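Nothing here was measured: the structure is a model prediction, and the numbers come from that model.
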Amino acid sequence: LVEGAIDCIYMPNTVSLLGKVLLKDSETYNELVKKANATITICLDGDTNIDETKRIYSLLDKGRLRDKIWYINLSKCSKYKDFGEIYENEGRQGLIDIMKTRKQFSEIELLM
């Protein structure tokens with residue numbers, strides 16, 4: 001999951017939130033819950049507060065998606081603001097390297 005539609009161009013099987021928000025009653029949320037068969041990685045832009053990433057993570061990390069949700073904190077692991085900038089400066093290998101930094105929140109981290 002990424003913020004912008006342009007970010008979807010650079011990585012296959014990417015879904016744009018068209019912002020920093022995922023709502024439980026949105027079509028995107030419902031489709032993810034029904035159809036996602038693999039892990040989901042949340043990668044919001046580098047200027048995003050980690051609390052918003054935690055909120056989306058907590059919303060999705062339930063039921064059949066439990067333990068299949070990951071996140072990337074671009075502000076901690078990249079000097080670029082989004083997938084587009086990473087691709088423009090480091091190419092496909094830069095995106096692969098960023099995907100390798102993905103993590104899962106612990107229950108304690110989600111409460112903080």
So, [X] side chain and [Y] main chain: donor-acceptor pair closer than 3.5 Å or not?
X: Asp82; Y: Gly84; value: yes
X: Arg64; Y: Lys34; value: yes
X: Lys100; Y: Ile96; value: no

Roughly how far, to the nearest 0.5 Å, is [atom2] of [Y] from [atom1] of [X]?
X: Asp61; Y: Arg66; atom1: CG; atom2: CZ; answer: 4.5 Å
X: Ser106; Y: Met112; atom1: OG; atom2: CE; answer: 8.5 Å
X: Ile50; Y: Tyr71; atom1: CD1; atom2: OH; answer: 5.5 Å
X: Asn89; Y: Tyr80; atom1: CG; atom2: OH; answer: 4.0 Å
X: Leu110; Y: Thr53; atom1: CG; atom2: OG1; answer: 11.0 Å
X: Glu109; Y: Gln104; atom1: CD; atom2: CD; answer: 10.5 Å

Pairwise side-chain contact, [X] with [Y], heavy-atom cut-off 4.5 Å (strictly under):
X: Thr101; Y: Asp97; value: no
X: Glu3; Y: Thr48; value: yes
X: Ile40; Y: Val15; value: no
X: Leu74; Y: Ile98; value: yes

So which heavy atom on [X] is nearest to which on [Y], and how close?
X: Lys20; Y: Ile56; result: O-CD1, 3.5 Å
X: Leu18; Y: Ser16; result: N-OG, 3.1 Å
X: Leu59; Y: Leu22; result: CD2-O, 3.4 Å
X: Ser75; Y: Gly46; result: CB-O, 3.2 Å
X: Phe83; Y: Cys43; result: CE1-SG, 3.4 Å

Hydrophobic clusters here meaning ILVMFWY residues chained together by side-chain heavy-atom distances under 4.5 Å, can you tell me if Ile42 and Leu23 are in one? no
Same cluster or not: are Met99 and Leu60 linked, directly or through other Ile, Leu, Val, Met, Phe, Trp or Tyr residues, by side-chain heavy atoms under 4.5 angstrom apart? no
Would one find more than 12 heavy atoms of other residues, nucleotides or ligands at under 6.0 Å from atom [atom1] of [X]?
X: Leu111; atom1: CG; result: yes
X: Gln93; atom1: CD; result: yes
X: Ile6; atom1: CD1; result: no
X: Lys24; atom1: NZ; result: no

Using ring centroids (six-membered ring only for Trp), state whether Phe105 and Tyr57 fall under 6.0 Å. yes
With sequence neighbours excluded, what pairs up with Glu88 under the side chain to side chain donor-acceptor pair (under 3.5 Å) test? none
Strictly by modelled atom types, are Ser78 and Glu85 linked by a side-chain donor-acceptor pair under 3.5 Å? no
Report the residue from Ile72, Asn73, Leu17, Asn49 that forms a side chain to side chain contact (heavy atoms under 4.5 Å, CB included) with Leu44. Leu17
